[in-house]
Number of protein chains: 2
Amino acid sequence: MISPGLIIEGDDKSVAEKAQSILEISSSLFFENDYNSVGIRAIAHAAGVRGASIYHYFSSKEEILFLIVKEVTSDFIDSSPLVYDEESDFRKVLRMLVSKHIFYFWEHRIALAIGYREMHNLTLEHKKIVQGYRLEYQHSVQRFVSDGVVAGAFQCKDPNLTGVALLDLINGVNDWFRPNGRLSIEQIADQYCDLSQQMLGAQNANDK
Amino acid sequence: MISPGLIIEGDDKSVAEKAQSILEISSSLFFENDYNSVGIRAIAHAAGVRGASIYHYFSSKEEILFLIVKEVTSDFIDSSPLVYDEESDFRKVLRMLVSKHIFYFWEHRIALAIGYREMHNLTLEHKKIVQGYRLEYQHSVQRFVSDGVVAGAFQCKDPNLTGVALLDLINGVNDWFRPNGRLSIEQIADQYCDLSQQMLGAQNANDK
DNA sequence: GTCTATAGGGGGATAGAC
DNA sequence: GTCTATCCCCCTATAGAC
């Protein structure tokens with residue numbers, strides 16, 4: 001007997017796809033304008049439906065914002081595990097960390113910009129979840145710097161502060177980088193790797 | 001003969017004061033929420049008047065936003081002239097630059113955060129004015145780094161890129177600094193001076 | 001799943017009295 | 001300089017038909 005479940009499965013999939021496409025449409029609109037100046041009607045119009053239909057996929061406009069921000073934030077952590085041990089070449093791991101960060105951030109600049117800019121439009125609970133992801137990543141970077149100091153690869157007075165300084169440095173790229181500029185994102189990432197090494201007191205590495 | 005002008009002068013002054021206080025009230029509200037979710041009526045209520053009265057002082061809500069952002073941006077440039085010559089100690093000038101930047105940015109964090117976050121709510125013309133100020137400052141920092149390299153004080157592959165990297169680094173502080181944290185803003189500024197020196201390849205200075 | 005219609009509440013800005 | 005009243009528009013979200 002063919003269960004209705006099997007038939008519905010096809011529908012479920014296109015529901016999920018449609019939901020995903022609404023999230024992408026919303027991202028573009030939120031990025032170009034504001035969360036608060038993009039109405040449900042504008043999202044619906046861009047998606048080719050009426051306002052009420054949006055609520056078939058999402059329970060509220062805030063949920064749309066949350067899903068955009070949560071996805072890009074948790075995906076980053078999942079895709080960038082910072083694995084190393086005391087045998088690792090900390091200078092190489094640093095370069096990996098910096099490059100991956102800059103590439104991911106540029107690739108997902110739209111959702112990430114929304115995440116930072118529209119933080120206070122999330123409910124308290126949702127905000128805590130996103131901040132939790134960010135702190136988790138920050139702590140792993142700080143731990144890495146600290147471990148690198150212990151291993152003798154870096155020289156820092158205050159590894160925890162240097163960790164956030166490193167993040168400050170590489171987070172800034174999206175604010176000014178433009179693809180048609182003098183340098184490519186790869187060239188910038190490479191230079192920022194060098195700058196990071198110097199900042200962490202690892203400038204005398206004999207290998208990159 | 002007592003001109004009406006003299007009498008009006010007193011009134012003008014309190015008009016200017018009231019306008020200024022409306023700008024400060026608006027800053028707080030825009031900072032805590034969004035430009036687009038703070039209504040004229042909310043601003044007026046916080047200022048102790050009705051919505052229509054706001055239009056006695058400003059021609060539009062956008063003008064309020066522009067004045068907040070323009071003031072804090074142009075004041076920064078005016079208050080932080082980057083003066084040096086080939087005789088200067090570039091390491092010391094760098095420390096001055098970094099400290100002043102961090103202190104000013106923290107002191108004026110509310111208006112500055114609004115400036116970066118609400119940029120796209122400005123009219124095109126107003127946006128250009130603000131971006132002009134920012135670029136002016138960025139170029140002066142890049143020129144400084146470049147001059148420091150020529151003078152032999154810094155070692156950078158790409159002074160223009162290193163200039164924006166320096167700004168990325170010190171711009172980040174406001175995003176995470178909290179006054180009740182482990183370090184004071186003075187301690188952080190001091191450490192960021194050290195980190196900047198290392199990043200610019202000036203770490204071997206015998207004086208700070 | 002999508003629609004129309006609507007509830008219930010704001011928004012920015014202006015006119016014109018006082 | 002401040003007010004009330006108002007214009008016309010948009011908002012999020014829901015009810016209920018199809």
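Residue numbering restarts at 1 for every chain, and letters A, B, ... go by the order of the sequence lines.
Here dA13(D) is the nucleotide among dC3(C), dT2(D), dA13(D) with the atom lying nearest to any side-chain atom of Ser60(A). For Lys61(A), the listed nucleotide lying nearest its side chain is dC11(D); candidates were dG1(D), dC11(D), dC3(D). Side-chain proximity of Ala52(B) to dT2(C), dA5(D), dA13(C): nearest is dA5(D).
The separation between Ile22(B) atom CD1 and dG1(D) atom P is 11 Å, rounded to whole Å. The separation between Arg50(A) atom CZ and dC11(D) atom C1' is 17 Å, rounded to whole Å. The nearest whole Å value for the distance from the CG atom in Asp34(A) to the P atom in dC11(D) is 13 Å. Remark: P of dA13(C) and CZ of Phe58(B) are 13 Å apart, rounded to the nearest angstrom. Remark: P of dG12(C) and CZ of Arg41(B) are 7 Å apart, rounded to the nearest angstrom. Residue Glu63(B) contributes atom CD, which lies 15 Å from atom P of dG12(C) at whole-angstrom precision. Across the protein-nucleic acid pair, Ile40(A) atom CD1 and dT14(D) atom C1' stand 13 Å apart, rounded to whole Å. What separates OH of Tyr55(A) from C1' of dG1(C) is a distance of 16 Å, to the nearest Å.
A salt bridge does not link Asp75(B) with Lys70(B): none of the charged nitrogens is closer than 4.0 Å to a carboxylate oxygen. Between Arg134(A) and Asp175(B), no side-chain nitrogen of the basic residue sits less than 4.0 Å from a carboxylate oxygen of the acidic one, so the salt-bridge criterion is not met.
At least one side-chain nitrogen or oxygen of Ser53(B) sits closer than 4.0 Å to the OP1 or OP2 atom of dC3(D).
Using modelled atom types and a 3.5 Å distance limit, the side chains of Asn121(B) and Glu118(B) yield a donor-acceptor pair. Between Tyr35(A) and His120(A), the side chains place no donor N or O within less than 3.5 Å of an acceptor N or O (distance only, hydrogens not considered).
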